[in-house]
Q: 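I'd like to ask some things about the structure below.
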Amino acid sequence: MSEQTTTPAGDDESVAVSQTPMVLAEHVSKSFGSNEVLKDISLEVRRGEVLCLVGPSGSGKSTFLRCINHLEQVSSGRLSVDGSVVGYREVGDKLYEMHPKDAAKQRRDIGMVFQRFNLFPHMTALENVMEAPTQVKGVSRSKAKARAHELLARVGLAERADYYPAHLSGGQQQRVAIARALAMDPKLMLFDEPTSALDPELVGEVLDVMKELAKTGMTMIVVTHEMGFAREVADTLVFMDGGVVVETGDPREVLANPQHARTQAFLSKVL
């Protein structure tokens with residue numbers, strides 16, 4: 001009799017989880033009144049992948065990012081994070097909008113770093129990083145403080161823990177904002193042009209932190225104009241224009257040999 005081997009149920013579940021895309025957009029559209037900002041966007045981001053979104057201003061990149069964590073509600077289509085539809089409960093074939101409190105709970109697992117740092121000016125760097133875990137997750141202040149110190153050290157700001165935002169450079173403030181997002185232990189990090197508000201000499205220190213984060217296997221979607229970062233760090237480059245995905249592929253291939261005329265025109269101005 002031949003020997004049979006069986007796969008434990010737990011192993012099947014872990015394989016299924018690992019194969020579930022971290023982000024799955026299916027025919028996503030978004031309109032503000034008569035202005036259709038996103039038009040039938042479909043793309044997938046795997047676990048541990050870094051995807052960079054590039055394109056001209058007004059192409060829909062930031063709106064798409066905001067739809068992923070339900071800061072904006074899609075007009076049609078489906079957006080899923082880690083297998084769950086964002087902002088909706090799925091019952092059979094129907095979707096029902098979540099209560100705002102439930103949507104906020106879902107958003108806890110998604111870290112977001114904006115163009116502007118949005119730090120609390122009356123709080124130190126340490127207090128800014130501690131705030132969400134203590135207020136939203138109910139983490140004790142002692143644990144939150146220890147974790148905040150770890151994260152500030154991770155972004156190179158161990159010596160600036162007691163500084164207020166007004167006494168930090170733009171690059172330092174943005175690194176505090178990254179530490180603050182990481183304090184919630186997100187499964188996905190979204191970056192909306194995180195270096196666009198910085199003086200040129202401060203851009204590198206923020207990108208270095210993001211590169212280190214990518215090396216740890218964090219799933220990241222980055223809206224950026226930093227093509228060198230996209231070439232070095234991204235697994236996938238998506239070029240958007242006019243609310244549609246024009247071209248997607250390996251960043252080195254897309255940047256070196258874009259196939260679409262619109263991509264060629266855009267890159268000729270930024271490279």
Side-chain angles (χ1 to χ4, degrees), residues 32 37 52-53 57-58 60-73 81 86-87 100-101 103-139 141 144-145 147-158 160-210 212-213 218-226 229:
F32 295 99
V37 180
C52 281
L53 287 170
S57 297
K61 308 181 302 295
S62 294
T63 298
F64 179 67
L65 215 61
R66 291 172 65 85
C67 286
I68 292 174
N69 65 357
H70 206 56
L71 290 177
E72 297 288 354
Q73 186 176 347
V81 172
V86 175
K101 286 186 177 180
K105 288 179 181 177
Q106 196 179 42
R107 198 177 292 126
R108 293 179 188 177
D109 292 329
I110 305 172
M112 188 159 185
V113 179
F114 300 88
Q115 296 179 37
R116 296 291 174 179
F117 326 121
N118 299 323
L119 300 179
F120 295 114
H122 62 289
M123 293 183 179
T124 64
L126 185 72
E127 291 167 340
N128 266 281
V129 178
M130 290 173 57
E131 181 69 4
T134 55
Q135 297 300 319
V136 178
K137 281 191 167 182
V139 176
R141 286 191 62 81
K145 185 176 183 178
R147 176 69 170 149
H149 275 298
E150 289 176 11
L151 290 170
L152 287 173
R154 183 174 175 182
V155 300
L157 292 172
R160 296 289 190 271
D162 295 325
Y163 282 54
Y164 288 91
H167 299 124
L168 297 172
S169 71
Q172 290 170 337
Q173 289 186 60
Q174 192 61 295
R175 283 186 280 156
V176 173
I178 294 173
R180 179 179 60 182
L182 292 174
M184 291 293 284
D185 296 317
K187 61 178 72 171
L188 168 68
M189 284 286 286
L190 308 176
F191 294 86
D192 188 6
E193 298 190 33
T195 60
S196 64
L198 300 178
D199 292 333
E201 65 268 24
L202 301 178
V203 169
E205 64 189 52
V206 174
L207 294 180
D208 285 344
V209 169
M210 294 170 63
E212 288 302 314
L213 188 58
M218 174 64 74
T219 309
M220 299 163 57
I221 302 178
V222 185
V223 173
T224 185
H225 293 295
E226 302 292 337
F229 173 85

Q: Could you give me the CA-CA distance, side-chain angles and deciding distance for Gln106 and Val86, then say whether side chain to side chain contact (heavy atoms under 4.5 Å, CB included) is met?
A: CA-CA 8 Å; Gln106 196 179 42; Val86 175; 4.1 Å; yes
Q: For Val139 and Ala144, which heavy atoms make the closest approach, and how far apart are they?
A: CG1-N, 3.8 Å
Q: Side chain to side chain contact (heavy atoms under 4.5 Å, CB included) between Glu205 and Leu202: does it pass, once the steps are laid out?
A: CA-CA 6 Å; Glu205 64 189 52; Leu202 301 178; 3.8 Å; yes
Q: Counting only heavy atoms not in Lys137 (residues, nucleotides, ligands), do more than 12 fall under 6.0 Å from its NZ?
A: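 Count over threshold, so yes.
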Q: Over all heavy atoms of both residues, which pair between Met184 and Ala132 is shortest? Give the atoms and the distance, please.
A: SD-CB, 3.6 Å
Q: So if I apply the side-chain contact (heavy atoms from CB on, under 4.5 Å) rule between Leu190 and each of Ile221, Leu71, Val222, Val223, which one comes out positive?
A: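 It is Ile221; the other options fail the test.
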Q: Spell out, as yes or no, whether a donor-acceptor pair under 3.5 Å connects the side chain of Asn69 to the backbone of Arg107.
A: no
Q: To check you understand the geometry: which heavy-atom pair defines the closest contact between Leu168 and Ala125, and what is its length?
A: CD1-CB, 4.4 Å
Q: I'd like to know whether Phe32 forms a side chain to side chain contact (heavy atoms under 4.5 Å, CB included) with Thr63, so could you lay out the CA-CA distance, the side-chain angles of the two residues, the decisive distance to 0.1 Å, and finally the verdict.
A: CA-CA 11 Å; Phe32 295 99; Thr63 298; 4.1 Å; yes
Q: Test your reading of the model: is there a side-chain donor-acceptor pair from Gln174 to the backbone of Pro194, 3.5 Å cut-off?
A: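 Checked: pair present.
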Q: Considering non-hydrogen atoms only, spot the tightest contact between Phe117 and Ala177 and give its length.
A: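 Phe117 and Ala177 have their closest heavy atoms at O-CB, 4.0 Å.
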Q: How far does CG of Leu198 sit from CD of Glu193, to the nearest 0.5 angstrom?
A: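 Here the interatomic distance stands at 11.5 Å.
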Q: Nearest 0.5 Å, what's the OG-CD distance between Ser62 and Glu72?
A: 10.5 Å
Q: Got a donor-acceptor contact below 3.5 angstrom from the Lys145 side chain to the Met130 backbone?
A: no
Q: Roughly how far apart are Leu126 CG and Asp162 CG, rounded to 0.5 Å?
A: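 It is 6.5 Å, given to the nearest 0.5 Å.
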Q: Do you know which two heavy atoms are closest between Val129 and Arg180, and how far apart they sit?
A: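 Smallest interatomic distance, heavy atoms only, reads CG2-N, 4.0 Å.
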